[in-house]
Amino acid sequence: EPGYWGPYTGLGAFLFRQGRYEEAATYFAKVTELEPDGPDGYTNLSAAYFQADNWEDAEVALQQSLALSPSPMAYRNMGTIYYYSGRYEDAAAILREALTLAPEDHWLWGKLAAAYREIPGEEENSQAAYQQAIELATDRLEVDAADAETMAYLSAYQFNAGNEELAIEHIQNAT
């Protein structure tokens, strides 16, 4: 079925995992041609562009994905693009949108805190967001105490919240 998008997604995903991002983008772009109303194709395309350091096209693809169907992942990725582009106000705004869909995601709270940290006058909001990230990450560790990735994030949240001793403790537990 040459008009079916599934094999293109599979090949794009394979190439993406191999670090062949520009080639993956070609296949994900084909997915968006075959299924223009499917937000996942645009999200995947954006990820490939992002990894290939083509942030402008990554942003355009994410805007299309968000227009079709807002998702926490698409908002999260857009927030990352804005943050690393130095667009901290935009990053904070889009991360707040993501949190309306996934308020329990400690990563989103941590990234929102980091964006606020870069905006003059938002120090209090930054600390409040770090505290929320800490609470949610701690809750996550109650479910899976061996989750090294969450421990590492928790360490970063604690450090940025000014709790250096706890940060060191969590990073040691993560290794």
Side-chain angles (χ1 to χ4, degrees), residues 1-119 129-130 132-133 136-137 140 144 147-157 160 174:
E1 296 181 52
Y4 178 56
W5 56 268
Y8 295 99
T9 297
L11 186 52
F14 171 79
L15 292 167
F16 186 91
R17 285 190 300 276
Q18 300 301 312
R20 296 163 60 183
Y21 306 117
E22 291 177 10
E23 290 175 82
T26 301
Y27 288 96
F28 292 141
K30 182 68 172 177
V31 171
T32 65
E33 291 172 25
L34 295 172
E35 188 186 38
D37 295 331
D40 292 343
Y42 293 100
T43 300
N44 291 336
L45 179 59
S46 174
Y49 283 145
F50 182 85
Q51 291 297 332
D53 292 327
N54 182 348
W55 292 8
E56 187 175 306
D57 287 339
E59 181 179 347
V60 170
L62 273 176
Q63 287 170 344
Q64 184 64 35
S65 176
L66 287 168
L68 290 168
S69 178
S71 72
M73 181 60 71
Y75 280 128
R76 176 180 176 164
N77 292 348
M78 188 69 87
T80 300
I81 290 170
Y82 289 158
Y83 182 86
Y84 288 114
S85 298
R87 296 166 56 186
Y88 304 117
E89 291 88 359
D90 292 335
I94 205 85
L95 291 165
R96 286 191 303 270
E97 287 292 322
L99 284 164
T100 65
L101 299 175
E104 72 292 340
D105 186 334
H106 68 82
W107 190 95
L108 289 172
W109 283 102
K111 288 299 178 185
L112 177 61
Y116 279 144
R117 188 180 65 224
E118 301 297 330
I119 303 169
Y130 276 127
Q132 185 66 26
L136 291 169
R140 172 74 183 107
D144 182 3
D147 182 348
E149 182 179 29
T150 298
M151 281 187 249
Y153 281 122
L154 180 56
S155 177
Y157 306 150
N160 285 303

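For reference, positions follow the sequence shown, starting with 1. Values below: all heavy atoms of this structure, side chains included; hydrogens, waters and symmetry mates excluded.
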Spacing of [atom1] belonging to [X] relative to [atom2] belonging to [Y], to within rounding of 0.5 Å:
{"X": "I94", "Y": "R76", "atom1": "CD1", "atom2": "CZ", "answer": "14.0 Å"}
{"X": "L45", "Y": "T26", "atom1": "CG", "atom2": "OG1", "answer": "9.0 Å"}
{"X": "Y75", "Y": "D105", "atom1": "OH", "atom2": "CG", "answer": "14.5 Å"}
{"X": "E149", "Y": "L154", "atom1": "CD", "atom2": "CG", "answer": "12.5 Å"}
{"X": "S46", "Y": "I81", "atom1": "OG", "atom2": "CD1", "answer": "4.5 Å"}

| request: Please report the closest heavy-atom contact between A48 and F28, naming both atoms and the distance. | output: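 Closest pair (atom of A48, atom of F28, distance): CB-CD1, 4.0 Å.
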
| Residues two or more places apart in sequence or in another chain: which of them pass side chain to side chain contact (heavy atoms under 4.5 Å, CB included) with Q51? |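 F16, Y21.
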
| Y27: partners by side chain to side chain contact (heavy atoms under 4.5 Å, CB included), with sequence neighbours left out |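 Y8, L11, L15.
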
| message | Could you tell me if the side chain of Y82 sits less than 4.5 Å from the side chain of Y88, heavy atoms only? | response |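 No - every pair of side-chain heavy atoms lies 4.5 Å or more apart.
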
| message | I need the full list of salt bridge (Lys or Arg N to Asp or Glu O under 4.0 Å) pairs touching residues 4-32, with sequence neighbours left out, sorted by first then second residue. | response |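 Pairs touching residues 4-32 that pass the test: R20-E23, K30-E33.
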
Which donor-acceptor pairs under 3.5 Å do the side chains of residues 106-118 make with protein atoms, sequence neighbours left out?
from : atom 1 : to   : atom 2 : distance (Å)
H106 : ND1    : Y157 : OH     : 2.8
W107 : NE1    : Y153 : OH     : 3.2
W109 : NE1    : P103 : O      : 2.8
Y116 : OH     : R96  : NH1    : 3.1
R117 : NH1    : Y130 : OH     : 2.4
R117 : NH1    : N160 : OD1    : 3.0

| More than 12 heavy atoms of other groups within 6.0 Å of E56 CD |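 No, not enclosed.
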
| side chain to side chain donor-acceptor pair (under 3.5 Å) against T150, all qualifying residues, sequence neighbours excluded |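 Expected list: D147.
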
Please tabulate, for side-chain N and O atoms in residues 58-72, each donor-acceptor pair with protein atoms closer than 3.5 Å (sequence neighbours left out).
from : atom 1 : to  : atom 2 : distance (Å)
E59  : OE1    : R87 : NH1    : 3.2
E59  : OE2    : Q63 : NE2    : 3.3
S65  : OG     : P39 : O      : 3.2
S65  : OG     : T43 : OG1    : 2.8
S71  : OG     : A74 : N      : 3.1

| Taking the six-membered ring for Trp, are F50 and W55 ring centroids under 6.0 Å apart? |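 Yes, the ring centres sit under 6.0 Å apart.
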
